[in-house]
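All values below come from the heavy atoms of this structure, side chains included, with hydrogens, waters and symmetry mates left out.
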Amino acid sequence: MKEWWIQVGLIAVPLLAVYLHIPPPNLSPALYTWRSTGAFFTYQEQRIFYRDSWGAVGSSDVVILLHGFPTSSYDWYKVWEGLTQRFQRVIALDFIGFGFSDKPRFHRYSIFEQASIVEALVNHLGLIDQKVNLLSHDYGDTVAQELLYRYEHRRQGHINIGSLCLSNGGIFPETHHPRLIQKLLKDGGIFSPVLTRLMNFYFFSKGISEVFGPYTQPSETEYWDMWTALRTNDGNLVVDSWISIKF
């Protein structure tokens with residue numbers, strides 16, 4: 001029995017290997033439709049997913065939606081149709097490292113890069129000279145503030161901001177309190193990559209459910225859609241890379 005740990009290891013190692021190579025879930029019909037009705041453009045050799053819908057006739061207003069952490073442009077699916085009834089064009093993107101966009105490993109993610117990607121998208125869509133409205137959430141608030149700074153200082157390539165709406169974001173560091181898992185992923189050192197590999201749907205859904213109120217909890221299907229978008233392109237393996245720029 002002195003070699004019991006060897007026997008445990010012989011059983012545990014193959015099981016862990018199988019666990020770490022579980023493929024991402026299949027896209028739900030709703031998530032598949034979201035992706036199939038979108039498009040991609042290239043930013044510095046990285047494919048960035050976006051959706052661009054034409055809406056209200058007679059309006060010239062454009063709104064760009066900036067999603068939160070750790071999800072994707074799919075955050076906006078419930079209000080998408082309503083926004084198309086108000087704006088001529090409704091545009092959303094997945095930041096690099098999120099959703100259906102590329103998620104490069106060992107990449108130096110930054111808020112500055114995410115803001116530049118938004119500017120590149122606006123230029124790609126031929127809207128660089130048109131005023132646009134920004135609607136942002138959570139992580140997107142920080143990106144929006146960088147875009148606002150560039151606009152006010154007339155930085156080269158800046159977008160023309162007509163209005164800005166920030167929602168539910170950690171705008172003031174002294175009042176923002178990240179969750180334990182966020183702190184561990186950000187400051188866990190060598191343990192952060194281990195945590196990203198051990199993450200699963202159960203821990204993900206339990207963690208993100210605490211962000212919602214008792215009457216606004218997502219459905220099981222919506223939790224799975226969030227998890228599936230995160231797992232796409234092995235996004236769970238880069239969470240520790242881009243969470244370090246959230247706070």
Side-chain angles (χ1 to χ4, degrees), residues 27-41 43 48-96 98-101 111 114-152 154 157-171 208 211-213 215-219 221-223 225-226 229:
L27 301 183
S28 68
L31 201 57
Y32 176 83
T33 299
W34 186 265
R35 186 183 67 176
S36 62
T37 53
F40 292 85
F41 82 104
Y43 176 82
I48 305 299
F49 174 82
Y50 71 94
R51 290 194 77 205
D52 178 13
S53 295
W54 290 78
V57 177
S59 171
S60 60
D61 291 341
V62 176
V63 62
I64 299 176
L65 314 176
L66 307 178
H67 69 77
F69 165 93
T71 46
S72 68
S73 59
Y74 193 64
D75 281 355
W76 306 103
Y77 87 98
K78 283 187 175 180
V79 298
W80 194 267
E81 184 178 352
L83 290 172
T84 61
Q85 296 173 13
R86 163 63 180 82
F87 294 93
Q88 181 192 45
R89 292 176 76 172
V90 181
I91 301 164
L93 77 157
D94 289 344
F95 294 125
I96 187 171
F98 296 76
F100 297 119
S101 291
I111 291 297
Q114 305 288 22
S116 295
I117 290 173
V118 177
E119 291 175 338
L121 175 60
V122 170
N123 186 62
H124 173 74
L125 297 175
L127 298 171
I128 198 66
D129 295 322
Q130 182 170 340
K131 280 194 175 294
V132 299
N133 304 281
L134 296 181
L135 173 57
S136 62
H137 169 69
D138 188 55
Y139 178 93
D141 286 355
T142 310
V143 179
Q145 289 177 84
E146 172 61 21
L147 290 168
L148 181 62
Y149 176 86
R150 296 181 185 186
Y151 167 68
E152 291 185 334
R154 297 299 188 267
H158 71 82
I159 64 177
N160 293 303
I161 300 176
S163 69
L164 170 61
C165 179
L166 307 174
S167 66
N168 192 36
I171 300 174
I208 204 167
V211 177
F212 294 88
Y215 306 110
T216 58
Q217 288 290 316
S219 66
T221 299
E222 288 169 332
Y223 279 128
D225 284 339
M226 294 179 199

- Does any non-hydrogen side-chain atom of V122 lie less than 4.5 Å from one of V62? no
- Output for pair (L65 CG, C165 SG), nearest 0.5 Å, gives 10.5 Å
- Item | Which atom of S167 lies closest to which atom of S136, heavy atoms considered | OG-O, 2.7 Å
- Query: Is any side-chain heavy atom of T71 less than 4.5 Å from a side-chain heavy atom of I208?
  - Reply: yes
- Message: Test of understanding: with side chain to side chain contact (heavy atoms under 4.5 Å, CB included), list the residues that count as partners of S60, not counting sequence neighbours.
- Response: none
- Check V143 against F95 and note the closest heavy-atom contact, atom names and distance. CG2-CZ, 3.9 Å
- For I91, the option from L125, V132, V63 that meets side-chain contact (heavy atoms from CB on, under 4.5 Å): L125
- Query: Just by modelled atom types, is the D94 backbone N or O under 3.5 Å from a matching donor or acceptor in the S73 side chain?
  - Reply: no
- Query: Heavy-atom distance under 4.5 Å between the side chains of L135 and F87, does that happen here?
  - Reply: no
- Query: Roughly how far, to the nearest 0.5 Å, is CG of L93 from CZ of F40?
  - Reply: 11.5 Å
- Residues two or more places apart in sequence or in another chain: which of them pass side chain to side chain contact (heavy atoms under 4.5 Å, CB included) with F41? Y43, I48, Y50, I117, A120, L121, H124
- Message: I'd like to check the salt bridge (Lys or Arg N to Asp or Glu O under 4.0 Å) partners of D75; sequence neighbours left out, ordered by chain and number.
- Response: none
- Qualifying residues under side-chain hydrogen bond (donor to acceptor under 3.5 Å, both in side chains), relative to W80, sequence neighbours excluded: S53
- Should the ring pair Y139 and H67 be called parallel, tilted or perpendicular, given that the plane angle runs from 0 to 90° and is split at 30 and 60? parallel
- Task: Take atom CD of Q217 as the centre, draw a 6.0 Å sphere, and report whether it contains more than 12 heavy atoms from other residues, nucleotides or ligands.
- Result: yes
- Euclidean distance, F69 CZ relative to F98 CZ, rounded to 0.5 Å: 7.0 Å
- Query: Mind checking what makes side chain to side chain contact (heavy atoms under 4.5 Å, CB included) contact with N160, not counting sequence neighbours?
  - Reply: K131, Y151, H158
- Which atom pair, heavy atoms only, marks the closest approach of S72 to G99? CB-CA, 3.6 Å
- Query: Got a sec, which pairs hit salt bridge (charged side-chain N to carboxylate O under 4.0 Å, His left out) with one end in residues 140-149, sequence neighbours left out?
  - Reply: E146-R150
- Task: Only counting residues at least two apart or in another chain, list the ones meeting side-chain hydrogen bond (donor to acceptor under 3.5 Å, both in side chains) with T221.
- Result: none
- Heavy-atom closest pair, residues L164 and A144: CD1-CB, 3.7 Å
- Message: Applying salt bridge (Lys or Arg N to Asp or Glu O under 4.0 Å), can you list everything that pairs with R89, at least two apart in sequence or on another chain?
- Response: D52
- Nearest heavy atoms of Q88 and S59, plus distance in Å: CB-O, 3.0 Å
- Query: Taking side chain as C-beta onward, heavy atoms only, is F212 less than 4.5 Å from P218?
  - Reply: yes
- Residues that Y77 engages under side chain to side chain contact (heavy atoms under 4.5 Å, CB included), provided they are two or more places apart: W34, Y74, E222
- If you round to the nearest 0.5 Å, how far is CG of D225 from OG of S219? 7.5 Å
- Task: Mind checking side-chain hydrogen bond (donor to acceptor under 3.5 Å, both in side chains) for S163 and listing every partner two or more places apart, or none if nothing turns up?
- Result: N133
- Query: Where the side chain of Q114 meets the backbone of I96, is there a donor-acceptor pair that is under 3.5 Å apart?
  - Reply: yes
- Message: Once ring-ring contact (aromatic ring centres under 6.0 Å, His included) is applied, do any residues pair with Y149, and if so which ones, sequence neighbours excluded?
- Response: H153
- Excluding sequence neighbours, so at least two apart, what forms salt bridge (Lys or Arg N to Asp or Glu O under 4.0 Å) with D61? R86
- Note on the structure: The reported gap from CG in D138 to CG in L166 (rounded to nearest 0.5 angstrom) is 11.5 Å
- Between the CG atom in L148 and the CD1 atom in I161, the distance rounded to the nearest 0.5 Å is 5.0 Å
